[in-house]
Participant: 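I have a structure here, written as structure tokens, and I will follow up with some questions on it.
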Amino acid sequence: MGKKVLFLRVLLLALPLVAETVPTAGKEVGVYELKRGNFSVKFTHYGARMVSLVLPDRNGNLADIVLGYDTVDKYKNDSAYFGAIVGRVANRIGGAQFTLNGEHYKLVANERNNTLHGGRRGFSDVVWTVKSYEPDSYITFTYDSYDGEQGFPGDLSVSVTFLLIETNKLGIKMEAKALKKATPVNLALHTYWNLGGHNSGNILSHEIQLFASRITPVDSQLIPTGQISDIKGSAYDFLQPRDIGSQINKLPAGYDINYVLDGHGHEHLNKVAVLREKMSGREMELWSNQVGVQFYTGNYLDNVKGKGGFVYSNHSGLCLETQGFPDSVNHPNFPSQIINPGETYKHVMIFRFTA
Ligand SMILES: *[C@@H]1O[C@H](CO)[C@@H](O)[C@H](O)[C@H]1NC(C)=O
Ligand SMILES: *[C@@H]1O[C@H](CO)[C@@H](O)[C@H](O)[C@H]1NC(C)=O
Ligand SMILES: *[C@@H]1O[C@H](CO)[C@@H](O)[C@H](O)[C@H]1NC(C)=O
Ligand SMILES: *[C@@H]1O[C@H](CO)[C@@H](O)[C@H](O)[C@H]1NC(C)=O
């Protein structure tokens, strides 16, 4: 509890203290680095994407532990959402539609008849503005989403800040303010992790612990059925740490499911997951204020040519996307994602890396 509160305070208090500098780069697509010692994270404002994260292993050897491409241009033709901030509503909305305050909204469908990660041109595929940038500390991206964008209601003012905390933590604060109309909002960071290095092979021997006893089961199109199911003792159960690959063959295609986090969301930061890679000794802890986390084992990576020509395939990386539950707009029993005019959505993630 003390630790959680401390992380949150550090993140929230640190922001107003640093001076704002607005680079002259304007809307050009570029790369921005946050660096402290041997810990370096790079971003681009195309999709507010995290394009690399380099840090030492237990012997001091550096590796880039996130999947991606060598050039910003390649992200423009990416269908894996490498490192992106996805939205306006991350994950799937069944039938690409919903009703809110008596109004029916038809969205752009981009996966069969459903909307995935905000539509054909979601927040992962727009150019964000660099609002402020301090290379040894933080970067803030903003995006003004318009009424009707991909079918969503109302103007929405979005900001995402990535912040270095000490020498081994990365904080992320996502905010979105609805201006004139109520709208669903669900942002997520879609980074693919491989703690052995992006080019080290698959993540099946990573050990993971997920602090969740339930999932929201899905149909054949990965749309939630609306049930919330207990997973204790099943192949989904990672309450005790174990290798990701240990029971993956019991599933039809690997993990791609929303876990209902045991701690309650919104007010406090809760521990979401601990990920370990034994060869490098790298460990990543994730804390968040969200109610769910999509655990995805890169099941659809299909020989994607990535950094240094390395080819990513099934399970080359894994995603831990903290967020609200998928398709919440169509399931009244799920926690609401509706942000009313004047309200601000807030999503905090803290990653702590050790080796
Ligand atoms: C960075 O890594 C190198 C090589 O392992 C090491 O010699 C150096 O001390 C490290 N620097 C910092 C600031 O940790
Ligand atoms: C874009 O991606 C598709 C596969 O998703 C690939 O076939 C095509 O060659 C890519 N285009 C460029 C310009 O890289
Ligand atoms: C999409 O919707 C149309 C019309 O409702 C339906 O005929 C079709 O089967 C649906 N396709 C899929 C893949 O669900
Ligand atoms: C990916 O691996 C899983 C098992 O972990 C398997 O069920 C699935 O068919 C594989 N997908 C592809 C496209 O090979």
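This one's a predicted model, so the numbers in the text were calculated from it and none came from an experiment. Counting convention: from 1, in listed order, for ligands and their atoms alike.
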Participant: Pull out every atom of ligand 4 sitting under 4.0 Å from any heavy atom of Ile248, numbered as shown with elements.
Facilitator: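 In order of numbering, the contacting atoms are 5 (O).
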Participant: Ignoring angles and geometry beyond distance, decide whether Asn249 reaches within less than 3.5 Å of ligand 4 through its nitrogen or oxygen atoms.
Facilitator: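 Checking ligand 4 against Asn249, no N or O pair falls under 3.5 Å apart.
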Participant: Can you tell me which residue and heavy atom of the protein come closest to atom 5 (O) of ligand 4, and the distance to 0.1 Å?
Facilitator: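 Nearest neighbour among protein heavy atoms for atom 5 (O) of ligand 4, to 0.1 Å: His315 NE2, 2.7 Å.
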Participant: With ring pair (Phe, Tyr, Trp, His ring centres under 6.0 Å) as the test, pick out the partner of Tyr312 among Tyr300, Phe82, Tyr192, Tyr69.
Facilitator: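 Of Tyr300, Phe82, Tyr192, Tyr69, ring pair (Phe, Tyr, Trp, His ring centres under 6.0 Å) with Tyr312 is met by Phe82 alone.
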Participant: Can you tell me the protein heavy atom closest to atom 11 (N) of ligand 4 and the distance?
Facilitator: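 Nearest neighbour among protein heavy atoms for atom 11 (N) of ligand 4, to 0.1 Å: Asn314 ND2, 2.7 Å.
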Participant: Looking at atom 4 (C) of ligand 1, what's its closest protein heavy atom, distance included?
Facilitator: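 Heavy-atom neighbour on the protein nearest atom 4 (C) of ligand 1: Gly60 O, 4.1 Å.
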Participant: Do you see a protein non-hydrogen atom under 4.0 Å from atom 2 (O) of ligand 1?
Facilitator: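 Under the 4.0 Å cut-off, atom 2 (O) of ligand 1 does have protein heavy-atom neighbours.
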Participant: Okay, side chain of Lys278, backbone of Ser205: is any donor-acceptor separation there less than 3.5 Å?
Facilitator: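 At least one qualifying donor-acceptor pair exists.
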Participant: Out of all atoms in ligand 4, which are within 4.0 Å of some heavy atom of Pro252? Include the element for each.
Facilitator: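 Numbered from 1, ligand 4 contributes 7 (O).
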Participant: What residue and heavy atom of the protein are closest to atom 9 (O) of ligand 1, and at what distance?
Facilitator: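 Ranked first by proximity to atom 9 (O) of ligand 1 is Asn38 ND2, 4.8 Å.
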Participant: Looking at atom 7 (O) of ligand 1, is any protein heavy atom nearer than 4.0 Å to it?
Facilitator: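 Not a single protein heavy atom is under 4.0 Å away.
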Participant: If you take all heavy atoms of Ala355 and Pro56, which pair is closest and at what distance?
Facilitator: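 The pair with the smallest heavy-atom distance is CB-O, 3.9 Å.
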Participant: Give me the nearest non-hydrogen protein atom to atom 13 (C) of ligand 1 as residue plus atom name, then the distance to 0.1 Å.
Facilitator: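 Closest protein heavy atom to atom 13 (C) of ligand 1: Gly37 CA, 3.9 Å.
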Participant: Mind telling me whether His190 and Tyr81 have parallel, tilted or perpendicular rings, with 30° and 60° as the class edges?
Facilitator: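 Rings of Tyr81 and His190: tilted, as their planes differ by 30° to 60°.
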Participant: For Phe141 and Phe162, take the angle between the two ring planes, folded into 0 to 90°, and tell me which bin it lands in: parallel under 30, tilted 30 to 60, perpendicular over 60.
Facilitator: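 Aromatic pair Phe141/Phe162 classed perpendicular.
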Participant: Students often mix this up, so state it plainly: with edges at 30° and 60°, are the rings of Tyr143 and Trp128 parallel, tilted or perpendicular?
Facilitator: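 Plane angle between 30° and 60°, so tilted.
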Participant: With Leu170 as reference, evaluate Ile350, Leu164, Leu163, Leu55 under the side-chain contact (heavy atoms from CB on, under 4.5 Å) test and give the passing residue.
Facilitator: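 Passing option: Leu164.
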